[in-house]
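For reference, the structure is listed below as structure tokens.
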Number of protein chains: 2
Amino acid sequence: MKIGEAASAAGLTVKTLRYYANIRLVTPQISEETGYRKYAETDVAKLKFVGTARRFNFSIEECRELLGLYENKNRPSREVKKITLNKLDDIDAKLAELQKLKQELQTLANACDGDDRPNCPIIDGLAKS
Amino acid sequence: MKIGEAASAAGLTVKTLRYYANIRLVTPQISEETGYRKYAETDVAKLKFVGTARRFNFSIEECRELLGLYENKNRPSREVKKITLNKLDDIDAKLAELQKLKQELQTLANACDGDDRPNCPIIDGLAKS
DNA sequence: CATTGACTCTCCCCTTAGGGGAAGGGTTAT
DNA sequence: ATAACCCTTCCCCTAAGGGGAGAGTCAATG
């Protein structure tokens with residue numbers, strides 16, 4: 001099938017499919033006469049796989065690795081789990097950072113009256129130190 | 001003072017100060033003879049302010065806005081608080097997204113044995129749908 | 001048969017917030 | 001004089017595509 005059909009079948013954009021083809025992540029065949037990309041069903045399955053992995057915050061390079069394991073029917077599931085646990089660690093780190101930020105920002109916001117007057121603990125908090 | 005000194009006084013890099021000068025966020029004077037940037041104490045204060053705001057996840061454009069309020073001694077604190085509450089909403093949204101992601105990824109990871117065998121619920125989870 | 005509209009191609013610039021490094025000029029210390 | 005730093009501008013690089021121009025292709029209709 002052509003790229004537009006493959007894109008909507010995979011729930012991605014045409015631009016994304018071209019990008020993935022350029023970086024050799026999911027490589028369709030190329031029609032000899034027209035130069036059009038031709039996607040097989042297995043390509044669409046890979047695209048869906050990558051799309052889902054991307055939604056799980058895996059980077060393109062991690063997706064490339066996962067796709068290799070997806071295609072390798074002799075993979076040790078240990079490798080997949082390792083990548084996943086690393087991603088969970090990333091997420092935990094980001095959660096901790098955001099929670100701390102939220103805490104501090106909330107404290108500043110609570111101290112600010114938010115009225116017409118210029119006195120502002122938020123500005124003061126950003127300015128000091 | 002010259003850029004290097006200002007950078008270490010503000011806890012930022014020389015590259016960052018040049019960038020901020022280029023985008024007219026913090027604009028030092030320029031020495032006529034040498035072409036060197038010359039930072040005043042008030043510039044360093046602004047740089048510190050921006051540095052802190054950046055650490056609080058404010059974008060450059062938000063910093064520009066906050067800096068305007070920081071310099072405006074007649075600002076209504078309402079405006080500062082509005083920007084801050086918006087940022088808190090951003091953070092909450094990101095937290096919710098990450099927590100959902102973590103939950104789903106954790107469920108997949110828990111189901112995976114992580115051994116030598118190829119059977120892998122994580123791969124299956126990414127592939128299905 | 002020709003045209004029209006929808007699709008496809010490549011190529012290039014744009015995004016955030018700077019980092020890395022080259023090439024060239026200035027100042028100071030040995 | 002020469003080395004060791006400091007400063008300048010200029011250009012390319014990042015992640016993951018988005019937007020759009022200009023040109024070729026395909027299917028259906030008048």
Side-chain angles (χ1 to χ4, degrees), chain A residues 1-40 43-44 46-67 87 90-91 94 97 101, chain B residues 1-40 43-44 46-67 87 90-91 94 97 101:
Chain A
M1 76 190 80
K2 286 185 287 185
I3 196 169
E5 198 184 342
S8 55
L12 300 173
T13 69
V14 168
K15 275 287 189 185
T16 298
L17 265 62
R18 288 204 189 102
Y19 177 63
Y20 290 172
N22 284 341
I23 64 172
R24 289 173 189 73
L25 181 63
V26 176
T27 51
Q29 282 196 264
I30 306 290
S31 156
E32 271 306 318
E33 64 225 36
T34 65
Y36 284 12
R37 293 174 182 81
K38 301 182 67 173
Y39 288 84
D43 292 327
V44 174
K46 290 185 206 173
L47 288 169
K48 284 183 187 172
F49 180 89
V50 171
T52 305
R54 291 285 299 127
R55 271 165 235 127
F56 274 103
N57 264 21
F58 288 103
S59 71
I60 292 285
E61 287 315 307
E62 287 165 338
C63 286
R64 195 188 295 281
E65 214 173 334
L66 287 170
L67 206 46
K87 183 54 56 183
D90 290 357
I91 293 177
K94 195 160 280 181
E97 188 199 333
L101 236 52
Chain B
M1 76 190 81
K2 287 186 286 185
I3 196 168
E5 198 185 341
S8 55
L12 299 172
T13 70
V14 167
K15 276 286 191 186
T16 298
L17 266 62
R18 288 204 190 102
Y19 177 62
Y20 289 173
N22 284 340
I23 65 173
R24 291 174 188 71
L25 181 62
V26 176
T27 52
Q29 282 196 264
I30 305 289
S31 155
E32 271 305 318
E33 64 225 37
T34 64
Y36 286 12
R37 294 174 181 81
K38 301 183 66 173
Y39 288 83
D43 292 328
V44 174
K46 290 185 205 172
L47 288 169
K48 284 183 186 170
F49 180 90
V50 171
T52 305
R54 291 284 301 125
R55 270 165 235 126
F56 274 103
N57 262 21
F58 288 104
S59 72
I60 292 285
E61 287 315 309
E62 287 164 338
C63 287
R64 194 188 296 281
E65 214 174 333
L66 288 170
L67 206 45
K87 183 54 55 182
D90 289 358
I91 293 177
K94 195 160 281 181
E97 188 198 333
L101 235 55

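The sequence lines fix the lettering, A, B, ..., with proteins before strands; numbering per chain opens at 1.
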Distance check needed: D:dA23 P versus A:Y36 OH, whole Å only. 16 Å

Please check if the side chain of A:R54 supplies one atom and the backbone of A:F58 the other of a donor-acceptor pair under 3.5 Å. yes

B:P28 and B:K38, any side-chain heavy atoms less than 4.5 Å apart: no

Could you give the CG-to-P distance, from B:L12 to C:dG18, as a whole number of Å? 8 Å

Measure from CD on B:E62 to P on C:dT16 and round the result to the nearest Å. 12 Å

Separation of C:dT10 C1' from A:I30 CD1 (nearest whole Å): 12 Å

Within the structure provided, determine whether B:V50 and B:L25 are in side-chain contact (heavy-atom separation under 4.5 Å). yes

With a non-hydrogen cut-off below 4.0 angstrom, is A:I23 in contact with a base, only sugar-phosphate, or nothing? nothing

Take atom CD of A:E33 and atom P of C:dC9, then tell me their distance rounded to the nearest Å. 14 Å

Reading nucleotides 9-21 of chain D from 5' to 3' and marking B where a protein heavy atom lies under 4.0 Å of the base, S where only the sugar-phosphate is that close, and - otherwise, the string is BB-----BBSBB-

I need the NZ-P distance between B:K38 and C:dT27, as an integer number of Å. 13 Å

Separation of D:dC6 P from B:Y39 OH (nearest whole Å): 16 Å

Taken to the nearest whole Å, CD/A:E5 to P/D:dT25 is 21 Å

Report yes if some heavy atom in the side chain of A:N57 is under 4.5 Å from a heavy atom in the side chain of A:D90; otherwise report no. no

salt_bridge(B:E61, B:R64) N-O dist < 4.0 Å: yes

Salt bridge (Lys or Arg N to Asp or Glu O under 4.0 Å) filter on A:R37, not counting sequence neighbours, yields none

